[in-house]
Amino acid sequence: MKKIGVIAGALALALGLCSCGAKPNANGWYDDFESAKKACGSSKAVVLLVTSEGDPVESAVGIKTLTETPDFAKAVSDKFIPCHFNFSQEAIDATVPAENATEKEQKAAEARRAKLQKNFETATMYAVETTPAIVLISSDGYWITSLNLRFESDSVDGYAADLKEYTDEVEEMKNLVKNTKKGSVEDKVKAIDALFNTQPEACQIFMKDLVKKVPAMDKKNKSGLVGKYVVASANTDAYGFIVNGEVQKAVDVLTKSAENKALTPIESQSLYYFAANILAQSNSSDFDQIIALLNKAIEVAPESQYNSELKNVIDYVQGVKDKAASTPVEDTADLK
């Protein structure tokens, strides 16, 4: 299996780019995810196939069977829209213009590079870590399931039959989404929570709009879930700042959210710790702020089981600070 996680970069590009209205190729496969989602309408789901350089040799038969004739796309067209992210070396090489490339050729290579980067990031957000992989995604963009296929068969009917075994899961996702839009405030909050709980952590970013609705709808926290979604919303907002290089804004949104009275002590503690961790991971030399955030994490949850560990972290950061203070300026880079 080929790992792709190291290839993917910031998520901002995938969140910010829009579809250019791409069409499927001659074999019925899209390579533009947004276009594939639109083609689903309200009744179908995207079947996302992710392949890359270094996939097992034995999987080549299955990948070829799925993608190099129109038979598979036709066989599943009543329920699914196929989308293929191809991260082969050939696809990567096509993003680099030749030395004597014309301006038109250079622009074409740049467009291919942008699309490839966008697809890398989308695959990462849908928790694809190794290839080949198949993920089912709703027309709303929610993760449904990942399929465990061996890719060793040359039977289109076999793959189509395997895929159609998941039609119940597709229908269940449709119902979960519908439930978030009907009933009382309590019903909607419960429905959002049910949907949120189906999503892998990497995919929860696609629920950011629904996540923000919970505190807005349930102002008195009758559901008891407001704290959970204040935390989720803060994490999503912070991540958006992180990928744009705005570390302090990420810290600020986390610390502000940590003061929300709907949060439990542990929820507040988690946000202060996340803020401190963001600063540390950014190689910040603002050791005082990191230590202050860690102390605040202990202060808001004095009974927390994590406090002894947090104190150890504070001692470590203090040690790094002391070492930095006694190290000549030209040597401080070694601390990062």
Side-chain angles (χ1 to χ4, degrees), residues 11 15 37 42 45 125-127 135-146 168-243 249-278 293 296-307 310:
L11 300 184
L15 292 172
K37 279 200 305 179
S42 60
M125 285 191 287
Y126 282 108
V135 183
L136 297 187
I137 301 164
S138 76
S139 59
D140 302 281
Y142 300 126
W143 179 93
I144 299 173
T145 190
S146 296
D168 287 346
E169 282 87 340
V170 174
E171 292 303 314
E172 287 172 11
M173 179 56 69
K174 289 179 186 177
N175 290 331
L176 283 172
V177 175
K178 286 179 182 177
N179 290 341
T180 66
K181 304 173 183 178
K182 64 183 183 181
S184 65
V185 167
E186 183 181 2
D187 292 336
K188 290 177 182 177
V189 169
K190 287 181 178 179
I192 291 171
D193 190 52
L195 176 57
F196 185 85
N197 291 337
T198 67
Q199 300 298 290
E201 185 175 357
C203 306
Q204 290 170 358
I205 194 168
F206 295 111
M207 287 194 62
K208 61 178 183 177
D209 292 337
L210 283 178
V211 160
K212 290 181 182 296
K213 285 185 178 181
V214 173
M217 290 191 298
D218 189 9
K219 296 185 183 299
K220 295 184 179 180
N221 197 18
K222 291 182 178 180
S223 67
L225 293 170
V226 170
K228 175 180 179 178
Y229 288 99
V230 169
V231 171
S233 179
N235 287 340
T236 299
D237 289 345
Y239 204 77
F241 287 126
I242 291 168
V243 298
K249 286 185 178 180
V251 170
D252 292 344
V253 76
L254 291 167
T255 54
K256 181 179 180 180
S257 297
E259 297 172 0
N260 191 301
K261 293 181 180 180
L263 271 61
T264 66
I266 294 297
E267 289 169 338
S268 292
Q269 182 176 74
S270 71
L271 290 178
Y272 282 117
Y273 175 73
F274 187 24
N277 193 47
I278 287 171
L293 289 167
K296 190 67 176 178
I298 294 173
E299 178 188 326
V300 296
E303 304 299 323
S304 171
Q305 62 179 320
Y306 304 110
N307 286 350
L310 288 171

Original post:
Which atom pair, heavy atoms only, marks the closest approach of Ala234 to Leu271?
Top reply: CB-CD2, 4.2 Å

Original post:
How about Ser304 and Ile266: do any of their side-chain heavy atoms sit closer than 4.5 Å?
Top reply: yes

**OP:** Could you tell me whether the side chain of Tyr142 reaches within less than 4.5 Å of the side chain of Leu210, counting heavy atoms only?
**Re:** yes

Original post:
To the nearest 0.5 Å, what is the distance between CD1 (Ile192) and OH (Tyr229)?
Top reply: 7.5 Å

Original post:
Is a donor on one side and an acceptor on the other found under 3.5 Å between the side chain of Asp193 and the backbone of Val189?
Top reply: no

Original post:
So, do Asn221 and Ser223 sit near enough that their side-chain heavy atoms are less than 4.5 Å apart?
Top reply: yes

**OP:** I would like to know whether Tyr126 and Phe206 meet side chain to side chain contact (heavy atoms under 4.5 Å, CB included); could you show each step before the answer?
**Re:** CA-CA 10 Å; Tyr126 282 108; Phe206 295 111; 3.4 Å; yes

Original post:
Within a strict 4.5 Å, meaning less than it, do heavy atoms of the Lys222 and Val185 side chains meet?
Top reply: no

**OP:** Indicate whether the side chain of Asn260 and that of Glu267 have a donor and an acceptor atom separated by less than 3.5 Å.
**Re:** no

Subject >> Test item: Asp187 side-chain N/O and Lys182 main-chain N/O as donor-acceptor pair under 3.5 Å >> reply: no

**OP:** Please answer whether the main-chain N or O of Val135 pairs with a side-chain N or O of Ser146 as donor and acceptor at a distance below 3.5 Å.
**Re:** no

Original post:
Side chains of Tyr272 and Glu299: closer than 4.5 Å at any heavy-atom pair?
Top reply: no

**OP:** Calculate, to the nearest 0.5 Å, the distance between atoms OG and CD belonging to Ser268 and Glu259 respectively.
**Re:** 9.0 Å

Original post:
Quick one: does Ile205's side chain get under 4.5 Å of Met125's, heavy atoms only?
Top reply: yes

Subject >> Check: Val300 main-chain N/O paired with Gln269 side-chain donor or acceptor under 3.5 Å >> reply: no

Original post:
What do you reckon, are the aromatic ring centroids of Tyr273 and Tyr306 less than 6.0 Å apart?
Top reply: no

Original post:
Should Leu254 and Asn235 count as side-chain neighbours, where that means a heavy-atom distance under 4.5 Å?
Top reply: yes

Subject >> Heavy-atom closest contact (Leu176 atom, Ala194 atom, distance) >> reply: CD2-CB, 4.0 Å

Original post:
Are the side chains of Leu195 and Met173 in touch, meaning some heavy atoms are under 4.5 Å apart?
Top reply: yes

**OP:** Give, for atom NZ of Lys190 and atom OG of Ser184, the distance between the pair rounded to the nearest 0.5 Å.
**Re:** 8.0 Å

Original post:
Counting only N and O atoms by type, is there a donor-acceptor contact under 3.5 Å from the side chain of Thr180 to the main-chain atoms of Val177?
Top reply: yes

Subject >> Val231 to Ser270 - nearest heavy-atom pair and separation >> reply: CG1-OG, 4.4 Å

Subject >> Spatial distance of atom CD1 (Ile278) from atom NZ (Lys249) [nearest 0.5 Å] >> reply: 14.5 Å

Original post:
Going from CG on Asp140 to CE on Met207, what distance comes out if it is rounded to the nearest 0.5 angstrom?
Top reply: 10.5 Å

Original post:
Name the one of Val230, Thr236, Asp237 that satisfies side-chain contact (heavy atoms from CB on, under 4.5 Å) with Lys212?
Top reply: Asp237

Subject >> Flag if over 12 foreign heavy atoms under 6.0 Å of NZ, Lys174 >> reply: yes

Original post:
Considering all heavy atoms of both residues, which atom of Ser139 and which atom of Ser42 are nearest to each other, and what is their separation?
Top reply: OG-CA, 4.4 Å

**OP:** List the atom of Ala250, the atom of Ala238, and the distance in Å for their closest heavy-atom pair.
**Re:** CB-O, 3.6 Å

Subject >> Which atom of Ile242 lies closest to which atom of Phe274, heavy atoms considered >> reply: CD1-CZ, 4.5 Å

